[in-house]
Amino acid sequence: MSEPVAVEELEVPTNKSDPVIQARELARWYGQVVGLTDLTVDVPPGITGLLGPNGAGKSTFMRLLTGQIHPSSGSVWMLGRNPVFQPEVFCEVGFCSEDDALYDDMPARDMVTFLARCAGFGAHDARERAALVLDRCGMAHAMDRRCGGFSKGMRQRTRIAAALVHDPKLLLLDEPMTGLDPVGRRDVVDILESFAAGGGSVLFSSHILHEVEAVATHVAIMNKGMLLAEGTLGQIQEELEDYAFTLEVRCSDPRALAKALVEHGHIVSVAFDGEDGASIASSSSRALTEELPRLALSLGIEVFELSCPGEDLETLFARLMR
Amino acid sequence: MSRGPLPLFKSLVLVASFAAHEVSWSRKTVFLGLLLLVPAGIATIIRSEAPPGEVGEFLEFGMTSLVIGIVQLMCLFHGAGLIRDAMEERTLAFLLTRPIGRSRVAFGMYLGLLMYVLPIGLISATAGFAACRAGLPGGMFSDVAMSPASAEALMRLLQVTGAAVVFYGALYTLFGLVFKASTIVGLLFLMIFDGLLGSLPGPPRMLSPMGYFETLASPYYQSRATMYSEMEAHTIESSTAVIVLVAALLVIMLVTRRIARGKDFVAFQKAQ
């Protein structure tokens, strides 16, 4: 059992752009196993995706955030409050764990009602809110059935309803789309987007890249208990050092452009596509993106279109892992 | 439109009512429910088989130990499992991520255990008492009204039973919080401290909570080992028993609060 970390008071965020989650040199060990190490991060409002392979430390971070475990060192705050010693923060935070856990003996509505009551709602209000939020999560048809008989997708929807029932400002979801079919995933994405559109913030973890890419405005990438990168996709790309890069260009004279580029040592290959297209592979992303516009300008070549195939989160992730 | 945190009493009652529901629906309930009939069953057998007068002695010395043993088993199997099961089934996260606070969750669960075990423990004690005394002069259900001595004995039995539920409920809730194999540790405690040490005639009996409860039940109670012998036994004063039990209960509560605040409430972490 680790010693409780002293509560440090932070200002409760009042500005809409203030970080909703702050971690400072946060670390957690499980005996000799590193769960999380030296994590310093500010999670801004909006939808943030926490991305990383299994064992990256995402769930450890979620458990530290929700006060289920204590940090070995460092501190963490949500909405300016310490989750272990200031549990009132959970009036404004909803959490859906990755564990397939529900009160199996209880009907979904009773369970969600109970959790709403724990958040301070009266019995009548809580029951009405439970019905509303279960309906919103696509569980209207089954809300009076016991959770023990639910399919995996229904269980996940019920858990998300339980996280939403007290109308939180911040939603923490640990692998929320695991076990859902494509329709279920789409529904969860819709719920997250409508929650964020209503002014709420979301931190959700996933090891599936396109899930994060589809929903998140902000990304934090973790591996082996460490934060590798954090920011928007563009910011992360900028932070990355030079890397091999392929650019597709459509211009008035691709051959002249390619010839001028090849004189520089970093070009690996050029493949032409029709009269106006070329795919240029370079060993240096920085050199290529700096030289191409300069050369096009000096040679009087008109550039119609530039694209970077494969420059999605998956490629970025693979680069970070290296 | 989120609301503020719940006041202490309301949050305890909410968690307690939920825990009582969980306990009453658990798979152990039927088996443990049958145990409640044991005191009345044994009293009935003694009355029908043993010479007259034996049942009075059983009521004086045996009934309390039996009833306390049974409520202790109920507190052990339900109390030790309440928090531990919720940790292992991963449902505890629902309560920990509400604006309640960790120690209130632990104490709410303890209160829920009392809400369930206390009434049925008292019913079991009353049924056992009734089976011993029914129809006897001055006893229950006789033509003569219940004598003051009989009423006093019943009240004492109920008080000791209630106190035992409060004490053992707190103890085994703490076990559930601390030990992974909480039921096994609890059983060992029951066998070593209450079963073995509690039966010994000498000072080791003072290490057994059961010894103090037996003292409270009957001022003539010495120990189970010396009950029917001429052996000199180590006696415990009633006032000492009250002080020791109250002090031990307070210590258990304080330790529970401290551990609940500092504990990692995730059952285990697989090596990554």
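The chains referred to below are lettered A, B, ... by the order of the sequence lines, with proteins before strands, and numbering in each begins at 1. The basis for the numbers below is simple: all heavy atoms, side chains too, and nothing from hydrogens, waters or symmetry mates. Predicted model, so just to flag it, every value in this text is computed and none were measured.
- Of the listed residues A:Ala116, A:Ala162, A:Gly94, A:Ala163, the one with more heavy-atom pairs under 4.5 angstrom with chain B than any other is A:Ala162.
- Contacts of B:Thr91 with chain A are made by both backbone and side-chain atoms, with heavy-atom separations under 4.5 Å.
- For the side-chain contact (heavy atoms from CB on, under 4.5 Å) with A:Arg159, the qualifying choice from A:Cys147, A:Cys137, A:Cys96, A:Pro176 is A:Cys96, the only one to do so.
- Top candidate by heavy-atom pairs under 4.5 Å with chain B, chosen from A:Thr66, A:Asp105, A:Leu115, A:Asp99, is A:Leu115.
- Using a 4.0 Å cut-off between charged nitrogen and carboxylate oxygen, A:Glu98 and A:Lys58 do not count as a salt-bridge pair.
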Item checked: Pair B:Lys180-B:Glu88, salt bridge (Lys or Arg N to Asp or Glu O under 4.0 Å): steps then yes or no -> CA-CA 9 Å; B:Lys180 194 173 173 189; B:Glu88 287 181 358; 5.4 Å; no

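- Under 4.0 Å is where a charged nitrogen must lie from a carboxylate oxygen, and between A:Arg117 and A:Asp110 no such pair does.
- Contact annotation for A:Leu172: neither backbone nor side-chain heavy atoms come within less than 4.5 Å of a heavy atom of chain B.
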